[in-house]
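The structure appears below as structure tokens.
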There are 2 protein chains.
Amino acid sequence: MKTRDKILLSSLELFNERGERNITTNHIAAHLAISPGNLYYHFRNKSDIIYEIFQAYEKLVDYYLEIPENRPMTLDDLAFYLESVFDGLWSYRFFHRDLEYLLDSDLRLRRDYREFTNRCLAAIDRIFGKLAEAGIVQAQPDDLRSAMSLNVWLVITNWMAFLKTAHASEEPSGLSLGELKQGIYQVLTLEVPYVTPEYRDRVLALREKYRPTLPETGVVDG
Amino acid sequence: MKTRDKILLSSLELFNERGERNITTNHIAAHLAISPGNLYYHFRNKSDIIYEIFQAYEKLVDYYLEIPENRPMTLDDLAFYLESVFDGLWSYRFFHRDLEYLLDSDLRLRRDYREFTNRCLAAIDRIFGKLAEAGIVQAQPDDLRSAMSLNVWLVITNWMAFLKTAHASEEPSGLSLGELKQGIYQVLTLEVPYVTPEYRDRVLALREKYRPTLPETGVVDG
DNA sequence: GTATTATTAGAGTATATACTCTAGGCAGTC
DNA sequence: GACTGCCTAGAGTATATACTCTAATAATAC
């Protein structure tokens, strides 16, 4: 593998494991057993590394969220979207953690991420639309639907942060893809009230697959 | 005002405006026109300052979220809770921005924040319960209710980050309390499907007060 | 083989950051 | 007016961090 690609891969790995803030370019170089000079031969600065990683993330999610226009949407499609989006979130999980700082320090990223968010929201909105067409959920007025889509986005992008704080007392980074996907339970919770009676059981069954089993994620009555 | 309190106040102000990551103890001292030595006379380190600010935040939100047990809940109560919570979020907005890093670097904060989250979730859950008792929303099974509560929490705590990214192309920190409170629209969107017919119009009217007017927050169809 | 280009090492640097240390001022008290 | 306890200044430090520079080596072209 090319050094350049190794740098991207290691950076992503280290960022995910320990957070972008805790990983310096020197750490990355040391991890790869290359010199800092070598790293800076391939990338002008740390921001460029992050930006390139973001572009891969963006590409992945865009790919996952392609909506078939030539056939009705199925529940399996929905399950696939949810699984895929959470897979993406997992693979690039460092990104949302330090999002605000990253956007503050890189104009390109700021612009691109904004567009990315809009594309995701539009995709979620279209998914709702196609679910309604397929008779899986009840059709809703446009403004309610887009507000719902936004809530789905908020739940998805914040789920990881919540899990991290819920797990807070244990050793850091004790977080698995499986637990992350319990976020799907939360997303489907948003849709429950809109599901048509015919699909209700099937949606609830899908949701049940992701029900959290750990006490941390439940509400503690006080 | 005592120097100690001035340090806390200035720190909060600077953290909110520019992010904890961008503000050093030297910045805080300079802002107050005191020496670093003076600052470190009052606080052992930066973490201690942040921890103390967090405790004030916690206290404020706990105070806001006291649920009256001796009378039924009203829609005005709900409006008050939402307004208050978003006020608190605004006053301590730096906190959620760098949450993960802050929790990673301070064990006390990690523990306390986890308890804080649980208290908030329990409060939201109780509010749903009392809204149901008052006939404002339909009663739901416990597990659905707690999943809904968690979604409310996720939407609330992620709304600011979303707004920041939506505003991303403009000058930084161009964010107002008014815009932040559009988050109330999103929270009430979560509750819409559960509102009883008798209260539907009133809840929708309350929600309408917070409807976003800016194009940024709408879904762009692509 | 030689010229050219791409890649790498590794020492080095300017700046920042969290924090320390010493000396001293100031207010109250006897 | 000296003693005491609280507060403050300000220079200073160890470490880290992003990044640079020069020289050498490997790869490729001709």
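Below, chains carry the letters A, B, ... as their sequence lines are ordered, and counting in each starts from 1. Fair warning: this is a prediction, and the values are worked out from it, not measured in the lab.
- The listed nucleotides are C:dT17, C:dT8, D:dC7; the one nearest the side chain of B:Thr24 is C:dT17.
- The interatomic distance linking A:Arg21 (CZ) with D:dA16 (C1') rounds to 14 Å, in whole Å.
- For the pair A:Tyr41 OH and C:dT7 C1', the computed distance is 5 Å after rounding to whole Å.
- For A:Asn38 and C:dT7, the shortest distance from a side-chain N or O to OP1 or OP2 is not below 4.0 Å.
- Note on B:Ile34: only backbone sugar-phosphate atoms sit closer than 4.0 angstrom, heavy atoms only; bases stay farther off.
- B:Asn22 has its CG atom 13 Å from the P atom of C:dA16, to the nearest Å.
- Residue A:Tyr40 places its side chain closer to D:dT20 than to any other of D:dC7, D:dA9, D:dT20.
- Between A:Gly37 and A:His27, the residue whose closest nucleotide on DNA chain D is further toward the 5' end is A:His27.
- In terms of phosphate contacts, A:Thr3 brings a side-chain nitrogen or oxygen within less than 4.0 Å of OP1 or OP2 of C:dT8.
- A straight line from NZ of B:Lys2 to C1' of D:dT8 spans 14 Å, rounded to a whole angstrom.
- Contact between the side-chain N/O atoms of A:Ser35 and the OP1/OP2 oxygens of C:dG10 is not found at any separation under 4.0 Å.
- If you take CD1 of A:Ile28 and P of D:dC19, they are 11 Å apart, rounded to a whole angstrom.
- Close to C:dC19, at under 4.0 Å from its OP1 or OP2, lies no side-chain N or O of B:Thr25.
- In plain terms, the two heavy atoms of A:Arg21 and B:Tyr101 that are nearest each other are NH1-CD2, 2.9 Å.
- Between B:Ile7 atom CD1 and C:dC19 atom C1' there is a gap of 14 Å when expressed in whole angstrom units.
- Side-chain contact between B:Leu78 and B:Leu188 is present, with at least one heavy-atom pair separated by less than 4.5 Å.
- Taking all atoms of both residues into account, the shortest heavy-atom contact from B:Leu154 to A:Asn158 is O-ND2, 3.0 Å.
- Residues A:Met160 and A:Leu89 share a closest heavy-atom pair of CE-O, 3.7 Å.
- Residue B:Ala33 is in sugar-phosphate contact alone, with no base atom involved, counting any heavy-atom pair closer than 4.0 Å across all strands shown.
- Listed pair A:His42 / C:dT8 meets the phosphate criterion, a side-chain N or O lying under 4.0 Å from OP1 or OP2.
- Remark: C1' of D:dT20 and CZ of A:Phe43 are 18 Å apart, rounded to the nearest angstrom.
- In the set C:dC19, D:dT17, D:dT20, D:dT20 carries the atom at the smallest distance from any side-chain atom of A:Pro36.
- When rounded to the nearest whole Å, the span between CG of B:Leu32 and P of D:dA9 equals 10 Å.
- A 4.5 Å side-chain heavy-atom check between A:Leu99 and A:Tyr113 finds at least one atom pair inside the cut-off.
- Counting only heavy atoms from C-beta on, A:Asn26 has its side chain closest to D:dC19 among C:dA18, D:dT8, D:dC19.
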